[in-house]
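Heads up: the structure comes next, in structure tokens.
Throughout, numbering of the chain's residues begins at 1 and tracks the sequence.
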Amino acid sequence: MVEIPDGYGPDDQIDHDAPEPVYLQLAAVLVARIKRGDYPPRRAVPGVDRLVQEFGIARGTARKTLVFLADKGIVQTVVGKGSFVTEQAVQDSAGDQG
């Protein structure tokens, strides 16, 4: 899983002045939402347009976040359909709680 910086959770805003890159901050927020169960396995996470609107970030940053999460095996992106939470992400999340 992605390491979640202290203080980040599902309702956090992106801090453009923080030392962490915006895409990593957003990844941490999305992972927190997955861990909390807001995005269950095989369900879509917000797409680029929704992330841009919700967090006030650039489209490229939103795309970079989703690519990063896909590279980590947390989401699987299906062209034309969206990015979906993987079973592995949920299993890893359950292991973090124990």
Review point. Can you name the closest pair of heavy atoms from Ala27 and Thr65 and give their distance?
Key: N-CG2, 3.7 Å
Check your understanding: Stepwise, does the side-chain contact (heavy atoms from CB on, under 4.5 Å) test hold for Ile14 with His16?
Key -> CA-CA 6 Å; Ile14 300 300; His16 294 274; 4.1 Å; yes
Review point. What residues form a ring pair (Phe, Tyr, Trp, His ring centres under 6.0 Å) with Tyr23, not counting sequence neighbours?
Key: Phe68
Check your understanding: Roughly how far, to the nearest 0.5 Å, is the CD1 atom of Ile57 from the CD atom of Gln25?
Key -> 10.0 Å
Practice item. Just jot down the side-chain contact (heavy atoms from CB on, under 4.5 Å) partners of Ala58, sequence neighbours excluded, or say none. Key: Thr61
Review point. Under the side-chain contact (heavy atoms from CB on, under 4.5 Å) test, which residues partner Val78, sequence neighbours left out?
Key: Lys81, Phe84
**Study point:** Member of Leu69, Ile74, Val85, Val75 meeting the side chain to side chain contact (heavy atoms under 4.5 Å, CB included) criterion with Leu30
**Key:** Leu69
Review point. Name the one of Leu26, Asp71, Val48 that satisfies side chain to side chain contact (heavy atoms under 4.5 Å, CB included) with Leu66?
Key: Val48
Practice item. Under the side-chain hydrogen bond (donor to acceptor under 3.5 Å, both in side chains) rule, collect the residues that match up with Arg59, sequence neighbours excluded. Key: Asp49
Review point. Mind checking what makes salt bridge (charged side-chain N to carboxylate O under 4.0 Å, His left out) contact with Arg50, not counting sequence neighbours?
Key: Glu54
Practice item. Give the minimum heavy-atom separation between Ala44 and Tyr39, together with the two atoms involved. Key: O-CD2, 4.1 Å
